Amino acid sequence: MTQVAKRQFNVYLPNDLIKRVKHASVDADESLSSFVERVLEEYLLRTSEERER
């Protein structure tokens with residue numbers, strides 16, 4: 001599998017949301033970075049498909 005180059009991307013979020021995302025990544029047995037990447041990709045794919053309808 002080819003690895004994609006990655007860069008750091010800082011965002012500011014409410015403390016409660018950060019806590020919930022961290023817990024969700026643990027529940028999904030994923031690193032925080034992998035979890036956020038997957039969730040963002042799924043969201044963007046879903047919204048792109050919805051716009052095409």
Side-chain angles (χ1 to χ4, degrees):
M1 180 180 207
T2 305
Q3 286 193 344
V4 176
K6 297 189 179 192
R7 295 176 45 192
Q8 186 173 354
F9 177 69
N10 297 321
V11 296
Y12 293 88
L13 302 170
N15 287 334
D16 183 59
L17 179 58
I18 292 169
K19 185 177 179 179
R20 289 168 39 215
V21 170
K22 285 182 177 182
H23 282 281
S25 71
V26 169
D27 291 344
D29 196 30
E30 294 181 63
S31 70
L32 182 58
S33 293
S34 295
F35 178 80
V36 171
E37 179 181 357
R38 179 177 58 79
V39 169
L40 288 173
E41 288 285 4
E42 288 173 0
Y43 171 81
L44 292 172
L45 178 62
R46 186 175 68 247
T47 58
S48 174
E49 290 172 349
E50 289 173 359
R51 280 190 215 117
E52 291 176 1
R53 290 183 201 162

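For clarity, every value in this text was computed on a predicted model and none was experimentally measured.
- Contacts classified as side-chain hydrogen bond (donor to acceptor under 3.5 Å, both in side chains) and involving residues 2-11 (residues at least two apart or in different chains) are given here: K6-E37, Q8-N10.
- Few gaps surround CG on D27; more than 12 heavy atoms of other groups in view lie less than 6.0 Å from it.
- Through direct or relayed side-chain contacts under 4.5 Å between Ile, Leu, Val, Met, Phe, Trp and Tyr, Y12 connects to no other residue.
- K22 pairs by the side chain to side chain contact (heavy atoms under 4.5 Å, CB included) definition with I18, L32, not counting sequence neighbours.
- Under the 4.5 angstrom side-chain criterion for Ile, Leu, Val, Met, Phe, Trp and Tyr, V4 has no cluster partners at all.
- Here V11 pairs with F9, L13 under the side chain to side chain contact (heavy atoms under 4.5 Å, CB included) rule; sequence neighbours left out.
- Shown here are the side chain to side chain contact (heavy atoms under 4.5 Å, CB included) partners of S33, two or more places apart in sequence or in another chain: S31.
- Scanning for salt bridge (Lys or Arg N to Asp or Glu O under 4.0 Å) contacts around D16 gives R20, with sequence neighbours left out.
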N/O donor-acceptor pairs under 3.5 Å from side chains in residues 42-53, not counting sequence neighbours:
{"residue": "E42", "atom": "OE2", "partner": "R38", "partner atom": "NH1", "Å": "3.1"}
{"residue": "T47", "atom": "OG1", "partner": "Y43", "partner atom": "O", "Å": "3.1"}
{"residue": "T47", "atom": "OG1", "partner": "L44", "partner atom": "O", "Å": "3.2"}

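- The hydrophobic cluster of V26 has no other members, since no ILVMFWY side-chain heavy atom comes under 4.5 Å of it.
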